[in-house]
Number of protein chains: 2
Amino acid sequence: MPKRGKGDRYHHGDLRTALVDTAIELIDERGVRQFSMAEASRRLGVAVSAPYAHFASRDDLLAAVAVRGYEVFHAESQAEMARAKAPVDRLAAMTRAYIRFAGTHRPLFEVLFDSGLDKQRYPELKAAEQPISDAFADCVEALTDSEASADDLAEAVEATAHGHALFLLDGKYGQGADAIELAAERAAGGTRALVDGRHRLGG
Amino acid sequence: MPKRGKGDRYHHGDLRTALVDTAIELIDERGVRQFSMAEASRRLGVAVSAPYAHFASRDDLLAAVAVRGYEVFHAESQAEMARAKAPVDRLAAMTRAYIRFAGTHRPLFEVLFDSGLDKQRYPELKAAEQPISDAFADCVEALTDSEASADDLAEAVEATAHGHALFLLDGKYGQGADAIELAAERAAGGTRALVDGRHRLGG
DNA sequence: GTCTATATCCCGATAGAC
DNA sequence: GTCTATCGGGATATAGAC
């Protein structure tokens, strides 16, 4: 185990990984907006300049965190979807996974959706997002006739999931595991309702 | 008209109002997170200490902006709703107003939903929000049987509206007035679909 | 790869003069 | 109510030694 703790230094050669881990820790405690390279350095007991040997900027570090976020969400949503067969159930499962991801990996969710990171500047981010978009598109297309109505449904479901996720993080469902499950059920219910009423979406 | 411009000072005695206006300007340009008292002072040509004669802290100033936000949204949503009679249409109108508010008063929307302001600490904020909550609750209750199902529908509609608003501000519908109207129609359609499928919400 | 040290900039907030 | 001046803190990022 690498040394940690007050006064210790961090000389084991995996500062890069440690920085990503510590960033997630700090974001969990204070939010992305307050995250700083300097504080990460202090927590790890290294000089404020040390991180710059591994990441050219704060945004570069956040991008690395974001990639991990996409990977985690993809894995978890795939697992959740595997248990459902009908397209509407798979879509509801993905919604549920979205909420659970937001609730259980709040710092990752924040980096993905509230960090102000310019995702266009980081090709690895777009690459990490792609398989998720594909899986989502598959679900939606199985439920709609035309491409236009697929887009409508996709956006409606995304918006509902995202809205519920934000409300969850804002404390509107309370705190803890119960809040997460409540939000997940509400969002899944919203998805089912949208699928049910999807012919009203366009007009 | 008060003097403005490079090198001018701001000695006309309505610095308080000017600060609120300038805050909105700056938030429009850089986002709430980047807003600072210091920059507002610079823009107005006053000393960095001058604002503190009117607002005890940055948060106090943001709270004043937030109150204006609630007032504007309430006025606009009432106007939008006045043109509809059927409850479902009134609810869709409110959703549309929400999106248009986000799109046309982005800085106010940001202060309300992305400033990190602790609304509990400012009673005037809760007071300004109340009439909006009431109007919304009226719409929803006209569409549901039980109190429980009213809550479900209310949260689903709120989440959808909020999600679409954030996507709009994130550029997912493009830029400009067309993007706003597209998002508003999508959100209104989502609301109608949710009303239509509302019996699927609970289970 | 990590260090020390530093340059440069930002911020919120306060004290005391006018 | 506004000023000047300042305290005390924060940040990103770089230079050069080890």
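Side-chain atoms are counted along with the backbone in the values below, which use heavy atoms only and exclude waters and symmetry mates. All chains are named by letter (A, B, ...) in the order of the sequence lines, taking the proteins before the strands, and each is independently numbered beginning at 1. Because the structure is a prediction, the values reported are computed rather than measured.
Pairs engaging residues 45-54 of chain B under the side chain to side chain donor-acceptor pair (under 3.5 Å) rule: none recorded [sequence neighbours left out].
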Which atom pairs, donor and acceptor, lie under 3.5 Å between side-chain atoms of residues 66-73 of chain A and protein residues at least two apart or in another chain?
{"residue": "A/Arg68", "atom": "NH1", "partner": "A/Asp21", "partner atom": "OD1", "Å": "3.0"}
{"residue": "A/Arg68", "atom": "NH2", "partner": "A/Asp21", "partner atom": "OD1", "Å": "3.3"}
{"residue": "A/Tyr70", "atom": "OH", "partner": "A/Lys119", "partner atom": "NZ", "Å": "3.4"}

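A salt bridge between A/Arg33 and A/Asp114 is present, with a side-chain N of the basic residue lying under 4.0 Å from a carboxylate O of the acidic one. B/Glu181 has a carboxylate O that lies under 4.0 Å from a charged side-chain N of B/Arg100, or vice versa, which qualifies the two as a salt bridge. Between B/Lys172 and A/Glu155 there is no salt bridge, since no side-chain nitrogen of the basic residue lies less than 4.0 Å from a carboxylate oxygen of the acidic one. Ion pairing between a basic and an acidic side chain is recognised when a charged N comes within 4.0 Å of a carboxylate O; B/Glu25 and B/Arg43 show such pairing.
In this entry the distance linking CD of A/Glu39 with P of D/dA11 reads 6 Å, nearest Å. Rounded to an integer number of Å, the gap from CD of A/Gln34 to C1' of C/dC11 is 12 Å. Atom CG of B/Leu15 and atom P of D/dT2 are 5 Å apart (whole Å). Following rounding to the nearest Å, B/Met37 (CE) and C/dC10 (P) show an atom-to-atom distance of 18 Å. With rounding to whole Å, B/Arg33 atom CZ is found 17 Å from D/dA11 atom P.
Between B/Arg42 and C/dC10, a side-chain N or O to OP1/OP2 separation shorter than 4.0 Å is absent.
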Tabulated below should be each protein N or O lying under 3.5 Å from an N or O of nucleotides 16-18 of chain C; please produce it.
none

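For the segment residues 108-122 of chain B, no residue has any heavy atom less than 4.0 angstrom from an atom of DNA chain D. DNA chain C lies under 4.0 Å from at least one heavy atom of each of the following residues of residues 54-63 of chain B: B/Ser57, B/Arg58.
Set against C/dT14, C/dC3, D/dT2, the side chain of B/Ala53 has D/dT2 as its closest nucleotide. Distances from the side chain of A/Val48 to the nucleotides D/dA11, C/dA5, D/dC3 place C/dA5 closest.
A donor-acceptor distance shorter than 3.5 angstrom exists from the side chain of B/Ser77 to the backbone of B/His74, with no hydrogens or angles considered.
Judged by closest nucleotide on DNA chain D, B/Ala47 is the one of B/Ala47 and A/Phe35 placed further toward the 5' end.
No side-chain donor-acceptor contact under 3.5 Å links B/Asp59 and B/Tyr122. No donor-acceptor contact under 3.5 angstrom links the side chains of A/Tyr98 and A/His164, judged on distance only.
With sequence neighbours left out, the side-chain hydrogen bond (donor to acceptor under 3.5 Å, both in side chains) criterion links A/Gln130 to A/Asp134.
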CA sep, side-chain torsions, deciding dist, call: A/Arg198, A/Asp152, side chain to side chain contact (heavy atoms under 4.5 Å, CB included): CA-CA 8 Å; A/Arg198 64 185 178 280; A/Asp152 284 357; over 6 Å; no

